[in-house]
Amino acid sequence: MQEPVKSAELAAAHTKEASAKRPAEATAIDGRPGEGNGSPGSGSRENGPDGLEGKPSNFIWEIIEEDIKQGVFHRQIHTRFPPEPNGYLHIGHAKAICVDFGTAARFGGVCNLRFDDTNPTKEDTEYVESIMEDVRWLGFDWEDRLYYASDYFEQLYEYAVQLIKMGKAYVCDLSPDEVREYRGTLTEPGRESPYRNRSVEENLDLFRRMRAGEFPDGSRTLRAKIDMAAGNINLRDPVLYRIQHATHHRTGDKWCIYPTYDFAHPLSDAIEGITHSLCTLEFEDHRPLYNWLLETLQIPEPPKQIEFARLELTRTVTSKRKLRRLVEEGYVRGWDDPRLPTLKGMRRRGYPPEAIRDFCERLGVTKTKGVVAIEYLEHVVREDLNRRALRRMAVLRPLKVVLTNYPEGQVEWVEVENNPEDPQAGTRRVPFSRELYIERDDFLENPPPKFYRLAPGREVRLKGAYIVRCNEVVKDPATGEVVELRCTYDPATRSGGAAAAGESGEAGEAGGRRVKATIHWVSAGHAIPAEVRLYDYLFLTDDPDEGGDFIANLNPNSLEVLTSCLVEPSLADARVGDRFQFLRHGYFCVDPDSEVAGSTGTETAPRTGEQGEARLPRLVFNRTVSLRDTWAKVQAKVRSD
RNA sequence: UGGGGAGUCGCCAAGCGGUAAGGCACCGGACUUUGGAUCCGGCAUACGCAGGUUCGAAUCCUGCCUCCCCAGCCA
């Protein structure tokens, strides 16, 4: 999936801007170690508010700083992001990626991408492709450091042999059930396996034959010989190797024994020269085992495991099981459904990767488990898009307006700014004519207090054009539904012109009226049809598990598809992935479905490109996030009064 | 009744013995040709609880309470 040129440029500008604003975090934001940054660590710190004695911004950096001061490692700071290729990446992984890559960058080190592929029955290359794409999309670069735990199988095997020779590991014939029985419980110690004291020779022979495929799945394991009475269950002779006659997605049928995570992880870290192995809290209990292996095998300057709290969001599920259920049972349209917290979903929805990174960085890194309000993510996304997104006018629920005093057939191209936040974004011309469409919500026949948009006899400004007055309301005689507004415009009020009423400094002229509202519009004869998909939270409760069943908390209205939208003609050249702010609505992103003509029945008139470049057969927009809506609050308050 | 963690505003989070940063949310107000953005102001006598040490503690000590994780040949 390619980032459109337009977005890429904006992204670059954004990064620059962000860096300028927060020099101390520049390298973390950039996330690209060793790129145009001689000494990211010290360099950025000197510019920070705290100077050289500045305080680390999280406990992990504090530890690393101390390690550097103590000279613990005689190599550069080296981290890794170690996903198992058995699923798609989601927002939770985004934080881990930011922490792993960001930490390395902070200290001028590097971060590896390593697939933890030690369980052939659950993994697939489809996932490795997808994961690489997502990490890249997020903006991180592992350069030439792409690794697989499966690349180390031979070395890991040798380490296992070494343990056996040291009398620190043994082949155990207990069945899975027996192993569990012997393990004891949380409060009772385990019992030693009857196979625990086999001779080194016998263990070596058995382990070799395990590898040779002489035994069936589950019949034997290689176990570390530690302490069956340990309070930490991970130390009760943990399994290091299991027999699985399964085809591995990378090593094929070369192996029928596979190392467990507990064995493979610390040693893979060691092999890669990792200095700091950052992972989530649930691995705290594994650290003693992690260290035991490194110590026992006498790994010099062993990597240090540090755990931090994973990211949890309200109204969101990230467990593989739950995500799979949502997808497989059709509650959403696929792994990239914009309502999902998968990176694919977020990308399709229009969340900029820069915003996701910014979000993760602003949350900080701690050991405190928490659930972040999804509103915070939305805030960060709005903040980002407000700076960069080009403004466009789109009428989602059209209501026809005829300007009775505007000459038939006349068209004026009014100039409107592309982004008031960014003068550099320039302006564009939008056609204005006698027949227009405005938002249905912008007219109310019986306006409540504080509603200051259009109503019979009232005036509003049409963005970038004139002030209009509503004189007549045309209704469908059968249903009573308002089908058209007949208005008049005031030629003296055109935007930008010296005569733009009352707003050129000379207070109170042009009839002394000061419109209280400016609304968006499109010209009936020029507008382009479009489909707009409005997303709401997937769940009705902050905690999807409230009440026990997350399916029961699904929001039945999480997707609203509007197929009669009209957008301004400049959007004709939009490309998939482009992001815009639709004035007064929110931020929207062109959906890939735009490339498939009429797949959901939205008939878009065939359009031909003017600059040789093929236009999309139709336009489908996803609402990334709405604008803050103060009016909604006012309404709510009025209602409750 | 085992082991490992965590408890600072509704949410995230600074603080590392010197008298509670910041962001989100919320509430006011200014400004505004997006009821957007922006700007200004308000928002923890209080840091899980109880003692103790100290001139002084969210920060040190003691005890207690609450919550989370661990009994896959998953990661």
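Predicted model only: the values in this text are computed from it and were never measured. Residue numbering restarts at 1 for every chain, and letters A, B, ... go by the order of the sequence lines.
Here the side chain of A:E284 is nearest to one of B:G5, B:G35, B:G3, namely B:G5. Checking B:C12, B:U34, B:C69 against the side-chain heavy atoms of A:V372 singles out B:C12 as nearest. Nearest to the side-chain atoms of A:H379 among the listed nucleotides B:C12, B:G23, B:G3 stands B:G23.
Under the Watson-Crick or G-U wobble criterion, with both distances below 3.5 Å, B:A71 is left unpaired in every strand shown. Nucleotide B:C43 forms a pair with no other nucleotide shown, judged by Watson-Crick or G-U wobble geometry with both contacts under 3.5 Å. Nucleotide B:C16 is matched to nothing when pairs are restricted to Watson-Crick or G-U wobble geometry with both distances under 3.5 angstrom. B:U38 is paired with B:A30 under the criterion used here, namely a Watson-Crick or G-U wobble arrangement in which both key atom distances are under 3.5 Å. Applying the Watson-Crick and G-U wobble criteria (two distances, each under 3.5 Å), B:G7 pairs with B:C65.
Only the P atoms considered, B:A44 is 14 Å distant from B:G23, to the nearest whole Å. Comparing B:C12 with B:G51, their P atoms sit 28 Å apart, to the nearest whole Å. Using C1' as the reference atom, B:U53 and B:G18 are 16 Å apart when rounded to the nearest Å. Of the C1' atoms belonging to B:A6 and B:G41, the separation is 36 Å, rounded to the nearest Å. Going from the C1' atom of B:C24 to that of B:A13 covers 11 Å, rounded to whole Å. Nucleotides B:U59 and B:G15 are separated by 8 Å at their C1' atoms, to the nearest Å. Distance noted for atom P between B:U8 and B:A46: 16 Å (whole Å).
Note on ring orientation: taking the six-membered ring where Trp is involved, the planes of A:F582 and A:F580 are parallel (angle under 30°, cut-offs 30° and 60°).
One cannot find a donor-acceptor pair under 3.5 Å joining the base of B:G23 and the side-chain atoms of A:Y376. Side-chain atoms of A:Q635 and base atoms of B:G35 include no donor and acceptor less than 3.5 Å apart. The base of B:G3 is paired with the side chain of A:D285 by a donor and an acceptor separated by under 3.5 Å. Judged by distance alone with a 3.5 Å cut-off, a donor-acceptor contact links the side chain of A:Q581 to the base of B:U34.
The environment of NZ in A:K516 is sparse: at most 12 heavy-atom neighbours from other residues, nucleotides or ligands sit within 6.0 Å.
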Review item, nucleotides 73-75 of chain B N/O atoms under 3.5 Å of protein N/O:
{"from": "B:C73", "atom 1": "OP1", "to": "A:R183", "atom 2": "NH2", "distance (Å)": "3.3"}
{"from": "B:C73", "atom 1": "OP2", "to": "A:R183", "atom 2": "NH1", "distance (Å)": "3.1"}
{"from": "B:C73", "atom 1": "N3", "to": "A:G218", "atom 2": "O", "distance (Å)": "3.2"}
{"from": "B:C73", "atom 1": "N4", "to": "A:L174", "atom 2": "O", "distance (Å)": "2.8"}
{"from": "B:C73", "atom 1": "N4", "to": "A:P176", "atom 2": "N", "distance (Å)": "2.9"}
{"from": "B:C73", "atom 1": "N4", "to": "A:G218", "atom 2": "O", "distance (Å)": "2.8"}
{"from": "B:C74", "atom 1": "OP2", "to": "A:R242", "atom 2": "NE", "distance (Å)": "3.1"}
{"from": "B:C74", "atom 1": "OP2", "to": "A:R242", "atom 2": "NH2", "distance (Å)": "2.9"}
{"from": "B:C74", "atom 1": "O3'", "to": "A:R242", "atom 2": "NH2", "distance (Å)": "3.3"}
{"from": "B:C74", "atom 1": "O2'", "to": "A:N119", "atom 2": "ND2", "distance (Å)": "3.2"}
{"from": "B:A75", "atom 1": "OP1", "to": "A:T118", "atom 2": "OG1", "distance (Å)": "2.5"}
{"from": "B:A75", "atom 1": "OP1", "to": "A:R242", "atom 2": "NH1", "distance (Å)": "3.4"}
{"from": "B:A75", "atom 1": "OP1", "to": "A:R242", "atom 2": "NH2", "distance (Å)": "3.0"}
{"from": "B:A75", "atom 1": "OP2", "to": "A:Y261", "atom 2": "N", "distance (Å)": "2.8"}
{"from": "B:A75", "atom 1": "O3'", "to": "A:D116", "atom 2": "OD2", "distance (Å)": "3.4"}
{"from": "B:A75", "atom 1": "N6", "to": "A:H286", "atom 2": "NE2", "distance (Å)": "3.2"}

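In this structure, the side chains of A:E123 and A:E84 come closer than 4.5 Å at one or more pairs of heavy atoms.
With respect to A:H265, the side chain to side chain donor-acceptor pair (under 3.5 Å) criterion is satisfied by exactly one of A:Q305, A:H286, A:R80: A:R80.
Nucleotide B:G29 carries an anti base; the chi torsion (O4'-C1'-N9-C4 or O4'-C1'-N1-C2) is more than 90° from 0.
Residue contacts shown for A:E421 include a base, since a base heavy atom lies under 4.0 Å away. A:V634 comes within 4.0 angstrom of no nucleic acid atom, judged by non-hydrogen atoms across all strands. At the heavy-atom level, A:R287 lies nowhere under 4.0 Å from the strands shown.
Once rounded to the nearest 0.5 Å, the distance linking CG of A:L583 with CG of A:L627 reads 8.0 Å.
Using modelled atom types, one side-chain atom of A:H245 and one backbone atom of A:F215 make a donor-acceptor pair closer than 3.5 Å.
Ring pair A:Y127/A:F115: centre-to-centre distance not below 6.0 Å.
The separation between A:D542 atom CG and B:C24 atom P is 19 Å, rounded to whole Å.
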